[in-house]
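A, B, ... follow the sequence lines: proteins, then strands. Residue 1 opens every chain. Here the structure is a predicted model, which is why all the values come from computation and not from measurement.
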Protein chains: 2
Amino acid sequence: MENRFGRAQMNLKELASKLGLSPTTVSRALNGYPEVNEATRERVVAAAKRHNYRPNARAIRLATGRALAVGHVIPLNTRSEIMNPIFADFIAGAGDVYSRNGYDMILSIVADEAEEAAYRDLMSRGTVDGVIVHAPKTNDPRIRVLKDIGLPFVVHGRASGAELDYNWVDVNNRRAFQRATEFLLDLGHRRIALVNGLEHMDFAVRRRIGYSDAMDTKAVAVDPALLSSSEMTEINGHRAAEHALSLPEPATAFLCASMLQGMGVRRAIEGRGLRMGRDVSVIIFDDDLSYLRNGEDVPIFTATRSSVREAGRLSAEMLLSVIAQPDSPPQHRLLEAELILGQSTGPALAP
Amino acid sequence: MENRFGRAQMNLKELASKLGLSPTTVSRALNGYPEVNEATRERVVAAAKRHNYRPNARAIRLATGRALAVGHVIPLNTRSEIMNPIFADFIAGAGDVYSRNGYDMILSIVADEAEEAAYRDLMSRGTVDGVIVHAPKTNDPRIRVLKDIGLPFVVHGRASGAELDYNWVDVNNRRAFQRATEFLLDLGHRRIALVNGLEHMDFAVRRRIGYSDAMDTKAVAVDPALLSSSEMTEINGHRAAEHALSLPEPATAFLCASMLQGMGVRRAIEGRGLRMGRDVSVIIFDDDLSYLRNGEDVPIFTATRSSVREAGRLSAEMLLSVIAQPDSPPQHRLLEAELILGQSTGPALAP
DNA sequence: TCATCCACCTGAAACGTTTACGGAGGCTTC
DNA sequence: GAAGCCTCCGTAAACGTTTCAGGTGGATGA
């Protein structure tokens, strides 16, 4: 094959003939097999470099029967909830691992009703060796599908209610929100509003449970008027806070599922002439996104923090290990979020 | 090949023998070649469906010499400026086009000093048929590299100073900022602060030019104290506004390169007890991101808007057409941003 | 001295498609 | 009735690797 400039792409056979060796030996030399003389190996490696030889990926894939690629299937229609800010950072973490291991990362944007077909396709056409499942819902059907077709996968998050065991990497959302709630309770807050994500998402459910567990333990009644659940946008955060602050017994503290919601809450607080951290406390869940930093040297928001980029890295590593040993028992990795102190929390004011 | 359940993957040869036909005919029938009887074609298609046959992508790629994939190379180290919120939406738009055309989208996360090597690799190993270049800098060296190695590409944005012609899709950033500035000038504003992105990025330069062009035309002097340039984060927006509002002659209007900066500016305004849209005007550039909406029914910020998702779609289409006809002359697509009126602008107050 | 073994290398098949080339049979055309 | 054409299909080579099954020559051991 030639590129448009007529320079022929060097291939195995040609390189071998230049060296006066068989393709077999050259291949083995380059791939580090033992049955080749050290001297000839060096000769081969040098020649490969000199002639700028790169093995053709398409041929390797066909010959080995491996795709050397992993897939990330992104549902499209589900408005924003997945194609969300999280995603870019997760991908960055995972992609780093892939390229370090010679794997390609394939992104499939797919209408969400076609997601199952997409998995089957990726599998049977042999485009990928495994996939990462994003944004699991409670009782997510994709897990069964993937088990059925035998495509290795790792879930970022968990799908409670799934009867099957599977590989996952997740943050301990319940515990994070429990701790954050306890912290606010310790500061004397009782009217704590939860500004949650959409509660058909698994992580949102766990967060609410963590919140109410903490409230229950301290025997503080959960007021449904203080609970909200919506897409994690600035506007929704603002709206939720407007509501919670206008109650007869207004909220004195907020627990937000995302940075963006937290920004909306802050706007509502300041819009009322109050000051965050003094009049009203706020804790957010901070995914440590590269372009949405929680302050610089000193954090603005008190937050439970867990890097989604790191989660991407871990998920990718787990997936590669599953691909290497498909019959190993399911792996789990539960990450603990750290509670970091910012300027957005303070003791509850005497009423 | 068998999957882990022992079900053999159907392949061409087997399907052909089941049908009593040659692989050639079956292949032709499935790929819509004319030299096959309509009746047998139907028979083949039916059998393919019945036996759940999917052609092996690896074999197709090797046989045809095409990768059926396009690459997006994302520089990693450049702190945040690229792995930015824009990215997810752009990818969503592009990926949609790819999957509709049977192409895979490959993401390469690569340390930015290794980017050139990454392109060479993608090319010579045959993993992709073309690439999209993201976030061009002024006089971006990548363009020369890609021309050299003969890999089809489309740039999202432009790299001024490049002496070569190349394919690009870009927003008319200069014009958008010129119009926005004119609009503020028409409202009577004279102290207009520009909260720009990092000015080694091409788009940021163009935006500044648009801004100063408008100022010059109206013979309003550009005060360097009102210009700032930094990563497009909320915090930087806040900082820039704090500064511009604390000048002896404070800014009465802001022009922000991004939504996040705009949010920071708003926070600074409201933090001073002023009201956005009445006391201080703000215009942002709105990339129409799916998770960072500018209000819902009625926009919050007055903005110059251009959907980055749409840009992704157009870039992808252009790239596929370039791949199909590599020797066609370079294509350009300049998108005009629309100026939409929100609640963040109003007439300048009498001093 | 001869069988055995080891280190190193080769030939050829395989992976699952596409596609250049060819060929058989029926139909037109004169 | 033969030449030519068209329709439909098959054979086999290609794509560029990996890898199985050997093979050669020299060293080793009895």
Exercise. So does B:Asn11 get a side-chain nitrogen or oxygen closer than 4.0 Å to the phosphate oxygens (OP1/OP2) of C:dC15?
Worked result: no
Exercise. What residues, two or more places apart in sequence or in another chain, satisfy ring pair (Phe, Tyr, Trp, His ring centres under 6.0 Å) together with A:His51?
Worked result: none
For this session: Quickly work out the B:Leu68 CG to C:dT17 P distance and round it to whole Å.
Result: 14 Å
Problem set entry | Test ring pair (Phe, Tyr, Trp, His ring centres under 6.0 Å) applied to B:His156 - qualifying residues, sequence neighbours left out | B:Phe90
Problem set entry | salt bridge (Lys or Arg N to Asp or Glu O under 4.0 Å) contacts in which one or both residues fall within residues 61-73 of chain B, not counting sequence neighbours | B:Arg61-B:Asp104
Problem set entry | Separation of C:dC15 P from B:Leu62 CG (nearest whole Å) | 14 Å
Problem set entry | Atom pair distance, as rounded to whole Å: CZ in A:Arg125 and C1' in C:dG16 | 13 Å
Exercise. Does D:dT18 have OP1 or OP2 sitting under 4.0 Å from an N or O in the side chain of A:Ser27?
Worked result: yes
For this session: Provide, to the nearest angstrom, the distance between the NE2 atom belonging to A:His51 and the P atom belonging to D:dG16.
Result: 17 Å
Problem set entry | Angle between terminal axes - the helix from C:dT1-D:dA30 to C:dC30-D:dG1, 5 pairs each end, rounded to 10° | 50°
Seminar exercise, completed: In whole angstroms, the gap separating P of C:dT17 from CG of B:Leu15 amounts to 9 Å
Exercise. Once you round it to whole Å, what is the distance between C1' of D:dT17 and CD of A:Glu14?
Worked result: 15 Å
For this session: Respond yes when some side-chain nitrogen or oxygen of B:Tyr33 is under 4.0 Å from OP1 or OP2 of D:dC8, and no when none is.
Result: no
Problem set entry | Spatial distance of atom CG (B:Asp129) from atom CD1 (B:Ile323) [nearest 0.5 Å] | 5.0 Å
Problem set entry | For atom CZ of A:Arg61 and atom P of D:dG16, their distance in whole Å | 15 Å
Exercise. Is there a donor-acceptor contact under 3.5 Å from the side chain of B:Asp96 to the main chain of A:Ile109?
Worked result: no
Problem set entry | Partner set under side chain to side chain donor-acceptor pair (under 3.5 Å) for B:Glu38, not counting sequence neighbours | B:Arg41
For this session: Return the set of residues passing ring pair (Phe, Tyr, Trp, His ring centres under 6.0 Å) with B:Tyr119 (not counting sequence neighbours), or none when no residue passes.
Result: none
Problem set entry | With B:Ser22 via side chain to side chain donor-acceptor pair (under 3.5 Å) - residues at least two apart | B:Thr25
Exercise. Heavy atoms under 4.0 Å, any strand shown: does A:Ile60 hit a base, just sugar-phosphate, or nothing?
Worked result: sugar-phosphate
So which protein nitrogen or oxygen atoms get under 3.5 Å of nucleotides 6-12 of chain C's nitrogens or oxygens?
| unit_1 | atom_1 | unit_2 | atom_2 | d |
| --- | --- | --- | --- | --- |
| C:dC9 | OP2 | A:Asn37 | N | 2.9 |
| C:dC9 | OP2 | A:Thr40 | OG1 | 3.2 |
| C:dT10 | OP2 | A:Ser22 | N | 2.9 |
| C:dT10 | OP2 | A:Ser22 | OG | 3.0 |
| C:dT10 | OP2 | A:Thr25 | OG1 | 2.7 |
| C:dT10 | O4 | A:Arg28 | NH2 | 2.2 |
| C:dG11 | O6 | A:Thr24 | OG1 | 2.8 |
| C:dA12 | N6 | A:Thr24 | OG1 | 3.2 |

Exercise. Whole Å only: how far is the CZ atom of A:Arg58 from the P atom of C:dT18?
Worked result: 14 Å
Exercise. How would you list, by chain and number, every residue that makes a salt bridge (charged side-chain N to carboxylate O under 4.0 Å, His left out) with B:Arg158, sequence neighbours excluded?
Worked result: B:Asp170
